[in-house]
Amino acid sequence: QVHLVESGGGLVQSGGSLRLSCAVSGRSFSSYVMAWFRRVPGKEREFVSSSWNLGHTRYAEFVQGRFTISRDRAKNTVYLQMNNLKPDDTAVYYCAASRFVSTTAETYDYWGQGTQVTVYS
């Protein structure tokens, strides 16, 4: 069993930055694909970024170089550094874990509770 807890969301002005954290417990995340998704009310969860073994990463097109996913093995924590935030980035951000590399939410077995990010203009 893997337990995920997100933190770091908040209210930020357009152009600002936030760093989201996802603390992983239960098992080491080394064998998992770790990802960030987001959801706006009334819409499906949307893939943001993922990270897996040997430093592989993937980003959604809308990220456009603004976000960076990273892992800290010692802390068993995954981060999402978000720069140059836009009002369209406003959403609840979720951390997720899967055995498989995928951008599809259904592939992920474990989810955190989510953290709210609100970007105002």
Side-chain angles (χ1 to χ4, degrees):
Q1 189 74 11
V2 175
H3 187 54
L4 309 176
V5 178
E6 303 98 333
S7 61
L11 182 66
V12 64
Q13 191 170 19
S14 181
S17 299
L18 284 174
R19 189 178 77 159
L20 305 183
S21 299
C22 174
V24 183
S25 61
R27 289 187 178 179
S28 169
F29 61 35
S30 298
S31 57
Y32 287 91
V33 176
M34 299 302 300
W36 290 94
F37 286 78
R38 68 186 189 183
R39 183 164 61 188
V40 174
K43 293 189 176 182
E44 296 293 320
R45 287 185 187 185
E46 178 179 44
F47 172 78
V48 177
S49 180
S50 60
S51 166
W52 61 99
N53 283 345
L54 303 178
H56 295 291
T57 59
R58 179 174 289 165
Y59 296 93
E61 285 192 14
F62 65 78
V63 169
Q64 297 179 331
R66 300 179 297 129
F67 299 175
T68 303
I69 190 170
S70 62
R71 300 181 176 213
D72 185 328
R73 275 191 174 186
K75 296 182 178 179
N76 224 27
T77 299
V78 181
Y79 301 100
L80 184 68
Q81 177 68 44
M82 304 188 295
N83 299 326
N84 192 21
L85 283 161
K86 306 173 183 180
D88 285 348
D89 294 317
T90 295
V92 177
Y93 284 72
Y94 297 89
C95 178
S98 172
R99 291 288 190 181
F100 307 103
V101 177
S102 172
T103 60
T104 304
E106 288 75 15
T107 308
Y108 288 78
D109 299 312
Y110 302 102
W111 292 84
Q113 81 288 351
T115 185
Q116 176 71 47
V117 171
T118 303
V119 185
Y120 63 94
S121 57

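Keep in mind that what you see is a predicted model, and the values were worked out from it rather than measured. Positions are given from 1 along the sequence.
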**Message:** Tell me the closest heavy-atom pair linking Ser17 and Asn83, and the distance in Å.
**Reply:** OG-OD1, 2.9 Å

**Asked** Taking side chain as C-beta onward, heavy atoms only, is Val78 less than 4.5 Å from Ser51?
**Response** no

**Request:** Applying side chain to side chain contact (heavy atoms under 4.5 Å, CB included), run through Gln116 and Leu11 and close with a yes or a no.
**Result:** CA-CA 8 Å; Gln116 176 71 47; Leu11 182 66; over 6 Å; no

**Message:** I'd like to check the salt bridge (charged side-chain N to carboxylate O under 4.0 Å, His left out) partners of Arg45; sequence neighbours left out, ordered by chain and number.
**Reply:** none

**Check: Gln113 and Glu6 side chains under 4.5 Å, non-hydrogen atoms** = yes

**Fill in**
CD1 of Ile69 to CD of Gln81, rounded to nearest 0.5 Å, is 12.5 Å

**Message:** Using side-chain heavy atoms (C-beta onward) and a distance below 4.5 Å, is Asp89 in contact with Arg38?
**Reply:** yes

**Message:** Let me confirm one number: the CG-OG1 distance from Leu18 to Thr115, rounded to the nearest 0.5 Å.
**Reply:** 8.5 Å

**Asked** Taking the six-membered ring of Tyr32, is NZ or CZ of Arg99 closer than 6.0 Å to its centre and within 45° of its axis?
**Response** yes

**Sequence-distant partners of Arg39, salt bridge (charged side-chain N to carboxylate O under 4.0 Å, His left out), two or more places apart** = none

**Item:** side chain to side chain contact (heavy atoms under 4.5 Å, CB included) involving Ser7 - partner list, sequence neighbours excluded
**Value:** Ser21

**Message:** A side-chain contact here means heavy atoms from C-beta on lying under 4.5 Å apart; do Met82 and Val117 qualify?
**Reply:** yes

**Message:** How close do Ser121 and Ser14 get, counting heavy atoms only, and between which atoms?
**Reply:** CA-CB, 4.1 Å

**Item:** Partner residues of Ser70 under the side chain to side chain donor-acceptor pair (under 3.5 Å) criterion, sequence neighbours left out
**Value:** none

**Prompt:** Going by the ring pair (Phe, Tyr, Trp, His ring centres under 6.0 Å) test, which pairs reach into residues 98-121, not counting sequence neighbours?
**Reply:** Phe37-Tyr108, Phe37-Trp111

**Message:** With side chain to side chain contact (heavy atoms under 4.5 Å, CB included) as the criterion, how do Val24 and Val2 come out once you've worked through the C-alpha distance, each side chain's angles and the decisive distance to 0.1 Å?
**Reply:** CA-CA 7 Å; Val24 183; Val2 175; 3.8 Å; yes

**Request:** Taking the side chain as every heavy atom from C-beta outward, state whether Cys95 and Trp36 have any atom pair closer than 4.5 Å.
**Result:** yes

**Message:** Checking Val63 now: which residues fulfil side chain to side chain contact (heavy atoms under 4.5 Å, CB included) with it, not counting sequence neighbours?
**Reply:** Val48, Tyr59, Ala60, Phe67

**Request:** Verify the neighbour count for atom CZ of Arg66: are there more than 12 heavy atoms of other residues, nucleotides or ligands below 6.0 Å?
**Result:** yes

**Item:** Shortest non-hydrogen separation from Ser30 to Arg71 and the atoms involved
**Value:** CA-NH1, 4.2 Å

**Prompt:** Cluster question for you: counting only ILVMFWY and a side-chain heavy-atom cut-off of under 4.5 Å, with indirect links fine, are Tyr94 and Trp52 together?
**Reply:** yes

**Prompt:** Atom CG in Leu85, atom OG1 in Thr118: separation rounded to 0.5 Å?
**Reply:** 10.5 Å

**Asked** Can you get from Val33 to Leu80 by hopping between Ile, Leu, Val, Met, Phe, Trp and Tyr side chains that sit under 4.5 Å apart?
**Response** no

**Prompt:** Atom CE in Met34, atom CG in Asn76: separation rounded to 0.5 Å?
**Reply:** 8.5 Å

**Message:** Are Val101 and Phe47 connected into the same hydrophobic cluster when the rule is that any two of I, L, V, M, F, W, Y join if their side-chain heavy atoms are below 4.5 Å apart?
**Reply:** yes

